[in-house]
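Working notes, beginning with the structure itself.
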Number of protein chains: 2
Amino acid sequence: MVIATCEVDYAGRLSAHLPKATRLLMVKADGSVLVHSDGGSYKPLNWMSPPCTLIERDGEWTVKNKAGETLVIRIEEILSDSTHHLGVDPGLMKDGVEAHLQALLADHLDVIGAGLRLVRREYPTPIGPVDILAREDVGTVAIEVKRVVEISAVEQLTRYLDLLNRSSKIAPVRGVLAGNVVKPQAKTLAEDRGITCVTTDYDELRGLTDPTARLF
Amino acid sequence: MVIATCEVDYAGRLSAHLPKATRLLMVKADGSVLVHSDGGSYKPLNWMSPPCTLIERDGEWTVKNKAGETLVIRIEEILSDSTHHLGVDPGLMKDGVEAHLQALLADHLDVIGAGLRLVRREYPTPIGPVDILAREDVGTVAIEVKRVVEISAVEQLTRYLDLLNRSSKIAPVRGVLAGNVVKPQAKTLAEDRGITCVTTDYDELRGLTDPTARLF
DNA sequence: GCATCAATGTCGCCT
DNA sequence: AGGCGACGTTGATGC
């Protein structure tokens, strides 16, 4: 951990230059380097991801990686310099993303439409898995689940539908996009292609499955 | 800057839990908080972006933002605690992003093909702007510029072409994808659809516009 | 403020 | 190793 007045240049996938100012330089155990200012978000102003090597010489740090990207830090004045050993860190546990929404929807297909019977989740195709496949009285429904439904989701589902409708076994297959948020452009493009959009409510779905579940 | 043995919980867009370990806690001037381990990339294990408020009490930090997301840090033992004032930071200057490549290409359409005349950059359509539109002897060329050309760029340009070819004013319109890197799958799909791919050289293009321009 | 799109995106999974 | 999709994406820009 170094606090220093410095100037930084990055050359790699693009070029970037940071004028001289006082910043926080963090060197991690794996050799990666982060240049932070005292504001902004969690993203550093400049950085080099591991694996990389740091060479220090004449008040100039040069960090390189395999791909030939370089980060050069010219240090004018060091205001603080300290080292700490942190030890290993246990993993991070997450819960509540798309996989969870997909499971909840599979348990409550009535939210999508009446009379749907689950075939399976992650139904495999040569171009990737369909999130949820369900039968209805006539034909099949392919459901793509997204937290936020954008144009790319329409394209993705369109590819699945094109392919599934060539397989006579389960055709005809219609498409449904489900998500907590449906972007206007996505909705427009989807309806142009005969794809239905359903706006879901994550908390409500969770309530249906487990009425006792509450936030803390 | 605090080095401490701590346990962290985030609840907001998802839920996440970090078991007890020694980590680096960074509190920035704008109140944002970052929890870093001694490895990984530049992304913190947990964080809270500004604007947010930090409440410290009984060795427990609670960070909240407007949206009701919370980050709770239970501190077991503080190994180091220091404060530094950094002052304001001048902006970061970047060069080589898509916007620059688009401008350079618009000035050198001969790189795409002979006899092209620029109509305009960011040509508007109902489904988004076409990066560069140019006339040729017969018909029009729609050029999509990407730093890295991937399948999604092919899809994007295909949508534009479908739409533009319905408008008799400028039809027929053919498509060109231009980028520093063209992924093989994108090239294959593009050629299947009659779309040309051009691999550009950013440094060379910059040299054409300003022969004196050099890296620093 | 919302909607859209790029990013040195990063990360994780799967082939 | 490369492709592909999700992300607490974040960040910038135009309307």
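Every chain is numbered from 1, with letters handed out A, B, ... down the list of sequences.
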Whole Å only: how far is the [atom1] atom of [X] from the [atom2] atom of [N]?
X	N	atom1	atom2	result
A:Glu144	D:dA6	CD	P	6 Å
B:Lys43	C:dG12	NZ	P	8 Å
A:Leu101	D:dA6	CG	P	12 Å
A:Leu189	C:dA3	CG	C1'	16 Å
B:Trp47	C:dC11	CH2	C1'	11 Å
A:Lys183	D:dC15	NZ	P	18 Å
B:Gln185	C:dT15	CD	P	15 Å
B:Asp131	D:dT13	CG	P	16 Å

Exercise. Using the closest heavy atom to pick a nucleotide of DNA chain D for each, name whichever of A:Tyr160 or B:Ala16 lands nearer the 5' end.
Key: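 The residue closer to the strand's 5' end, by nearest nucleotide, is A:Tyr160.
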Quiz prompt | Upstream residue (5' side of DNA chain D) when B:Leu71 and A:Arg159 are each assigned their closest nucleotide | solution = A:Arg159
Self-check item: Donor-acceptor contact present, side-chain B:Thr158 to main-chain B:Val154, <3.5 Å
Solution: yes
Self-check item: Donor-acceptor pair, side chain of A:Asn65 and main chain of A:Gly68, under 3.5 angstrom
Solution: yes
Please tell me whether [X] and [Y] have a donor and an acceptor in their side chains that are separated by less than 3.5 angstrom.
X	Y	answer
B:Gln102	B:Glu122	yes
A:Glu69	A:Tyr10	yes
B:His100	B:Lys94	no

Base, sugar-phosphate or nothing for [X]? Non-hydrogen atoms, less than 4.0 Å.
X	answer
B:Glu150	nothing
B:Pro184	sugar-phosphate
A:Met48	nothing

Can you figure out which of [options] approaches the side chain of [X] most closely?
X	options	result
A:Tyr10	D:dG8, C:dT10, C:dT8	C:dT8
B:Arg13	D:dG5, D:dG8, C:dT8	D:dG8
B:Leu14	D:dA6, D:dG3, D:dG8	D:dG8
B:Asn46	C:dT8, D:dG8, C:dT10	D:dG8
A:Lys146	D:dG5, C:dT8, D:dG8	D:dG5
A:Gln156	C:dT8, D:dG5, C:dA7	D:dG5

For residues 105-113 of chain B, which side-chain donor-acceptor pairs fall under 3.5 Å, sequence neighbours excluded?
{"unit_1": "B:His108", "atom_1": "NE2", "unit_2": "B:Thr209", "atom_2": "OG1", "d": "3.0"}

Practice problem: Tell me which of B:Tyr42 and B:Glu98 sits closer to the 5' end of DNA chain C, going by the nucleotide each one is nearest to. | Solution: B:Glu98
Quiz item: Only one of A:Asn46, A:Val72, A:Leu71 clears side-chain contact (heavy atoms from CB on, under 4.5 Å) with A:Val63; which?
Solution: A:Leu71
Exercise. Rounded to whole angstrom, note down the P distance from C:dT8 over to D:dC4.
Key: 22 Å
Quiz item: With rounding to whole Å, what would you report as the distance between C:dT10 and C:dA6 at their C1' atoms?
Solution: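 Taking atom C1' in both C:dT10 and C:dA6, they lie 14 Å apart.
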Show me, pair by pair, the donor-acceptor contacts under 3.5 angstrom made by side chains of residues 50-58 of chain A, not counting sequence neighbours?
none

Exercise. Check each residue of residues 21-37 of chain A for a non-hydrogen atom within less than 4.0 Å of any atom in DNA chain D, then write out the ones that pass by number, or none.
Key: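 Nothing qualifies; none.
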